[in-house]
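Notes follow the structure.
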Amino acid sequence: MQSWHNSRRLDLMIQRSFFYTVTVCSLAVIALSATHPAKADPLGNPQRGQYLAVASDCVACHTAPHGQPFAGGLAMHTPLGVIYSTNITPSLSAGIGHYSLEDFDKAVRRGVRKDGANLYPAMPYTAYSYLTDQDIADLYAYFQKEVAPVDKKGPVTALPFPMNIRFSMSFWNMLFLNGKPYQADATKSAEWNRGAYLVQGATHCGTCHTHRGFLMQEDLAHPLSGASLGTWYAPNITPDTVSGIGSWSDQDLTEYLRTGRLHGKAQAGGGMGEAVEHSFSRMSSGDLNAISVYLRSLKPVSDPNDHTSSRFQQGHDVSPAVELRGATPIMDHNDDTASGAALFMGNCASCHGASAQGSKDGYYPSLWHNSVTGASRGDNLISTILYGVSRSVEGRQAFMPGFGGKSGDAVQLDDSQIARLSNFVFKTYGRSDVQVTPQDVALIRKGGPASPLLLLSRVGMAAGAILLLVLCAVVFATRRHKARNIV
Amino acid sequence: MRISRSTSPRIGRRELLLGMSSLSALFCVQATRAATLSGGALRSGVVHQKFMSVSSLLVPHKLNETIGIRTADAMIATVPDFPEHLEQLASFIEAKKPADVEELMEALPDVSLKNAAQSIIESWYTGAVQGASTISVISYEEALMFKVTSDVMTIPSYAISGPNGWTADAPPLSQLPIF
Amino acid sequence: MVNETKYDVVVVGTGVVGCLIAEQALDAGLSVLMLEAGPKVDRQTIVENFRNLPPSLRHHWDAPFPPPPWAPVLETRTPGEENAYLDLTGPNATAYQQGYVRYAGGATWHWAGICWRMTPEDLKLKSLYGVGRDWAFDYETLEPYYARAEYALGVCGPTDAALQWPPKTPRSRPYPMGPLPLGPGEQRFTDVMAPLGLQNLPAPQARNSGVSYDGRPACCGNNNCFPVCPIAAKYDAATALPRIEAKGGKLLTNAVAYRIEADDRHKIQAVHYYDPHRTSHRVTGRAFVIACNGIETPKLLLLSKDDRHPNGIANSSDQVGRNMMDQPKLKATVEMSEPLWTGVGPVQGSSILNTSQGDFRSEYAGAMFRMENMARGSIGAAEALKKGLYGRALDQEIRRLSACTGLLVVEHEPLPSSINRLTLSDKKDWLGLNRPRIYYDVGDYVRRSAEQYTIPTLKKMAAALGATKFDLNPEFLHSDHIMGGCIMGKDPSDSVVDVDCRSHDHENLFLPGGAAMTTGGSGNSTITMAALALKAADAIVAQFKTA
């Protein structure tokens with residue numbers, strides 16, 4: 001279950017990352033970027049490195065289901081093929097035991113392997129490029145000294161042509177890869193700077209929460225204002241009081257990051273659940289405070305489609321049972337036309353309560369005053385119903401089963417049932433203007449909408465591969481102009 | 001109780017009717033929501049109001065109005081002499097202004113009125129209306145019988161807490177929850 | 001359509017036994033067809049059926065599963081349903097009015113999820129106590145299958161060996177999950193019984209404790225294990241069906257098997273079934289599993305008689321339909337001055353088992369004692385309302401009766417007896433098939449136990465609880481643990497199946513589950529049925545490998 005969620009989140013990230021790559025291949029947009037060598041204490045501090053590995057969530061990708069930590073082998077399904085994470089234990093034969101600090105640095109911050117081949121951007125080296133030299137040295141020390149070597153190579157990634165030409169990655173790197181480690185802002189507090197460093201670097205919040213432009217670059221004019229991941233939607237976490245999390249206190253935010261839940265407001269599902277489980281819940285309160293300070297200092301971004309109250313304040317407790325009881329016959333077959341209210345009572349109310357009020361101890365959240373049902377789009381409600389929630393923090397699991405996202409789920413709801421159920425929940429307990437169609441559910445079941453960019457790049461893949469060098473030469477001269485025209 | 005049979009397989013109509021009639025002889029759940037009163041909306045509105053007003057004296061709990069309306073409709077449809085008894089109860093309360101149900105029940109002059117009052121109380125507690133030959137289910141989750149133990153136990157089929165969140169501790173018997 | 005395909009394994013019945021075998025066969029690469037007499041109904045419908053029932057029927061475990069006319073059952077809600085199927089005789093006929101569900105998923109829809117293993121002694125009644133029969137194998141043979149069954153179902157149980165059952169018997173693996181907490185009622189019951197030498201053990205339960213298992217959520221104390229777990233925290237076979245279909249298993253519902261067809265060499269070739277239009281179909285296969293538990297399996301074998309098998313299929317021993325067993329149950333309601341507060345947690349979470357073992361078994365039956373953990377709010381309310389109470393007095397009395405009453409239960413171990421027999425009735429069901437006619441007598445072994453042992457023990461227990469009222473229902477009732485109709489043994493002349501639940505008469509016919517159990521013990525039968533199912537599945541897969 002857990003590993004599946006992991007790979008799911010990674011799939012989404014990788015899918016997005018691939019947009020960069022294929023775009024560059026097809027459109028051959030090139031930029032130059034400065035490089036710089038690592039200058040750090042070569043000894044490093046393995047304890048600090050371990051902490052940073054947690055903050056950076058390395059284990060999530062580099063561990064296969066039931067596999068040994070950091071031994072790689074996790075299969076990540078992308079629209080273009082399966083990518084396997086690599087063994088990053090200090091094994092000399094199968095891992096990175098033969099990596100020097102400089103090799104390690106090049107891989108983590110520049111996305112280039114020891115043998116010179118480019119990594120696929122499944123590895124978020126764009127975010128890690130903000131890491132300081134010292135942090136890189138610490139990470140290196142941790143992986144070399146503390147991690148147990150595993151002498152087992154995972155499966156080799158073999159993507160189809162032209163994605164198997166790893167060199168193509170360097171074009172995109174030139175365009176979008178940040179060139180230097182985090183530079184502190186002297187006008188801000190040390191705490192703010194620490195938060196900025198973590199958010200932009202290790203914890204890479206923008207990877208999911210920042211909307212992407214046409215070339216799939218992060219929209220840096222409106223950072224962290226919400227973005228679709230295909231299935232889940234990473235919401236607006238700017239301090240806007242209506243569209244964002246401006247109504248949360250510092251304590252609210254740190255509690256959410258530490259536990260994955262905030263009573264009467266929100267709970268972490270999908271990729272955020274995993275980020276809390278593997279990363280945020282294990283970080284120091286000082287760092288969580290710093291993240292909070294930084295996030296709350298960002299420019300609030302307001303969504304003009306939002307009403308006057310936030311997504312945490314929608315709906316109220318009302319029980320559909322007062323209308324339903326006795327009005328429905330005792331049935332020896334399924335009612336294909338069962339109402340959303342009946343589907344709610346039969347599938348959701350047993351845990352969330354007949355009035356969707358949640359359990360007294362707060363384990364099961366209320367469905368009103370809940371960021372999922374108060375959202376302006378159905379993605380997260382649909383994804384939650386399909387895939388459920390599974391998140392373990394401090395040995396305690398928060399779990400909801402999926403209702404048909406996987407073929408073996410004990411309860412299987414179809415697209416039409418989930419649409420009716422979602423519409424009832426939005427209308428009764430959440431943002432009543434949100435409408436969900438069976439097609440919306442089918443799309444999320446498939447993994448989200450196919451980007452027109454992806455289509456374009458796929459079409460362009462063959463031609464792009466042949467014309468790559470020619471285009472490179474042409475485009476290099478007129479790259480800005482050309483890029484604008486294409487856009 | 002209505003049993004809804006799958007319609008796709010062809011069941012002999014005779015068998016089905018036989019089965020249904022033997023069932024309905026014992027339990028017949030009325031779709032009370034659909035029940036409309038012969039006297040029209042105005043009259044039903046007045047009856048509903050009276051039913052709620054009488055109920056609020058008979059039952060020292062917070063009462064859900066939708067359930068009140070559905071209960072009253074079921075009683076009108078299945079309980080003999082219900083409208084008359086309700087009228088008499090309302091008039092008696094209006095005239096004597098008893099402070100609570102205890103005072104009312106002591107003061108009620110005749111057995112049939114006491115029984116009528118008792119059947120209204122029973123319907124609120126059990127969530128069902130016992131008619132002359134039928135039982136109408138009105139509510140389950142809102143049935144008042146569950147309220148008096150809600151501090152200890154759950155309404156069956158609903159979560160009591162998160163996983164393994166219950167314990168062997170129980171509050172004192174004498175400590176009724178506040179309704 | 002299905003007439004065209006020959007499946008490797010044809011499984012009749014979609015309960016726990018059928019589903020376990022189907023999944024094992026699919027995992028071994030075999031093709032599987034499952035036939036189910038009843039419909040496939042979603043959990044949400046059954047849960048809402050339960051809530052929409054009239055209050056009195058919410059305690060009737062079959063009521064949320066109304067039987068379609070073509071798949072009637074024995075435990076009925078109405079005279080109409082009773083007339084459709086019931087044909088029970090003998091001195092304890094009502095003690096065999098078994099509750100089972102002919103829906104996809106079978107009777108695990110409304111089982112309590114309790115998973116007591118049988119003890120080494122339970123399998124050797126004849127040699128140790130001179131009664132009943134010995135099983136064809138010993139406990140060591142069964143143990144690995146018990147462990148596998150516990151992992152297949154997801155059983156939670158005590159980690160403390162002193163609280164595990166059977167006592168002082170090694171387990172090859174721990175329970176997959178730790179124990180569930182006890183509510184106030186079962187805790188108090190445990191504490192009060194201990195000084196009497198009655199050890200109330202936390203039950204191993206196929207209920208997820210604290211964590212999810214197999215994608216199913218953890219139990220959150222809905223107190224509704226029967227008639228239906230609303231969230232599938234309790235294992236029921238219906239939860240396995242989507243997985244089986246995802247693995248390529250084919251499921252046919254509303255398909256009532258009525259004839260097993262054997263060829264000249266006694267090899268089973270086909271199963272015939274009726275659809276709800278009363279149209280007959282024939283499905284062929286290489287191996288056949290009849291997993292319809294102890295009533296429908298022998299009935300189907302007897303229905304399948306032909307010229308070469310005049311007593312029915314698998315019945316050269318004349319033992320098919322004999323040895324019908326269940327644990328005859330007695331119930332006593334107690335009322336106390338102090339609150340017990342049953343109803344917190346699952347409906348059953350503990351039992352007294354040490355009363356099931358001992359040398360006295362040469363004289364009378366061992367037994368399992370239990371206090372039911374049902375929430376008693378609706379029972380208390382019905383009683384209080386009957387008293388004509390109102391106002392605050394009514395609220396106080398409902399609360400008192402909910403807290404200060406309880407239901408004590410004792411289930412007696414049965415002996416296999418050839419007089420307890422299922423035969424074909426002259427009466428026909430809706431499809432025109434002979435109904436099962438069952439003669440049942442609990443027998444002197446059980447009656448002696450009740451008189452000399454269990455009723456006196458119930459009274460002692462009530463006294464220890466401080467009971468002010470003790471109301472024993474003297475009539476033996478059914479425990480819904482149907483066992484024995486296709487009894488297992490080494491000798492083909494006095495048993496129906498071999499150690500792998502394979503018919504002595506037909507090499508490709510398997511009759512696993514409760515029907516194969518040689519003796520019943522005092523505990524719930526399901527985990528033993530599941531263990532036998534896995535053993536049979538191994539034999540089926542092995543048979544394909546060597547073929």
Side-chain angles (χ1 to χ4, degrees), chain A residues 1-2 4-5 319-321 324-336 338-339 341-354 358-361 363-364 387-392 395-414 417 421, chain C residues 23 38-54 57 63-71 77 102-103 105 208 210-222 224 228-248 253-254:
Chain A
M1 194 71 194
Q2 195 52 54
W4 181 83
H5 272 291
S319 171
L324 285 175
R325 290 293 150 251
T328 318
I330 309 301
M331 296 195 293
D332 70 355
H333 61 278
N334 297 322
D335 175 7
D336 294 335
S339 66
L343 291 167
F344 165 80
M345 291 308 301
N347 289 293
C348 316
S350 302
C351 290
H352 291 285
S359 58
K360 285 180 197 164
D361 61 1
Y363 180 90
Y364 301 108
Y387 305 120
V389 173
S390 180
R391 164 185 94 229
S392 291
R396 182 126 163 99
Q397 182 192 37
F399 184 87
M400 167 179 157
F403 287 78
K406 281 197 293 174
S407 56
D409 286 344
V411 175
Q412 299 277 325
L413 297 182
D414 66 24
Q417 288 174 313
L421 172 57
Chain C
E23 199 163 359
K40 187 177 181 206
V41 184
D42 292 340
R43 186 170 309 270
Q44 72 212 22
T45 304
I46 294 166
V47 171
E48 284 291 276
N49 274 356
F50 164 76
R51 293 172 183 155
N52 284 319
L53 285 168
L57 275 190
F65 309 89
W70 53 91
R77 302 159 301 170
R102 294 176 84 181
Y103 274 26
N208 297 342
V211 291
S212 63
Y213 194 87
D214 260 356
R216 295 181 286 110
C219 174
C220 51
N222 309 59
N224 211 66
V228 58
C229 175
I231 63 166
K234 179 191 76 178
Y235 169 91
D236 57 52
T239 65
L241 291 170
R243 206 168 55 226
I244 286 169
E245 290 188 284
K247 288 179 178 181
T253 55
N254 297 313

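Throughout, protein chains are lettered first and strands after them, A, B, ... in sequence-line order, and every chain is numbered starting at 1.
No part of A/Tyr363 comes within reach of chain C, as not one of its non-hydrogen atoms sits under 4.5 angstrom from that chain. Contacts of A/Ala342 with chain C are made by backbone atoms alone, with heavy-atom separations under 4.5 Å and no side-chain atom involved. There is no contact between C/Lys247 and chain A, counting heavy-atom distances below 4.5 Å. Neither the backbone nor the side chain of C/Ala240 comes within less than 4.5 Å of any heavy atom in chain A.
Heavy atoms only, all atoms of each residue included: A/Ala410 and C/Pro242 are closest at O-CG, 3.6 Å. Smallest separation of non-hydrogen atoms from C/Cys220 and A/Tyr364: CB-OH, 3.2 Å.
Taking CZ of A/Arg325 as the start and CG of C/Leu53 as the end, the distance is 10.0 Å to the nearest 0.5 Å. The distance from atom CG of A/Asp335 to atom OG1 of C/Thr45, rounded to the nearest 0.5 Å, is 7.5 Å. Separating the CD1 atom in A/Ile330 from the CZ atom in C/Phe50 is a distance of 10.5 Å, to the nearest 0.5 Å. Here C/Thr253 contributes atom OG1 and A/His333 contributes atom NE2; the two are 13.0 Å apart, rounded to the nearest 0.5 Å.
Every residue was checked against the side chain to side chain donor-acceptor pair (under 3.5 Å) condition with A/Ser319, not counting sequence neighbours, and none meets it. Scanning for side chain to side chain donor-acceptor pair (under 3.5 Å) contacts around C/Gln44 gives A/Asn347, with sequence neighbours left out. By the side-chain contact (heavy atoms from CB on, under 4.5 Å) test, A/Lys360 is found to be paired with no residue, residues two or more places apart in sequence or in another chain being considered.
Within the 4.5 Å cutoff, the side chain of C/Ser212 has no heavy atoms near those of the A/Pro401 side chain.
Of all residues spanning residues 228-236 of chain C, those with a heavy atom less than 4.5 Å away from chain A's heavy atoms are C/Pro230, C/Ile231, arranged by number.
Taking C/Arg51, C/Glu245, C/Arg216 one by one and counting their heavy-atom pairs under 4.5 Å with chain A, the maximum is reached by C/Arg51. When the candidates C/Val47, C/Thr239, C/Asn49 are compared by the number of heavy-atom contacts under 4.5 Å with chain A, C/Asn49 comes out ahead. Between chain A and the options C/Pro64, C/Gly210, C/Gly38, C/Pro217, heavy-atom pairs under 4.5 Å are most frequent for C/Pro217.
A donor-acceptor distance shorter than 3.5 angstrom exists from the side chain of C/Asn52 to the backbone of A/Gly326, with no hydrogens or angles considered. Checked by atom type and distance alone, the side chain of C/Asp42 never pairs as donor or acceptor with a backbone atom of A/Asn334 at under 3.5 Å.
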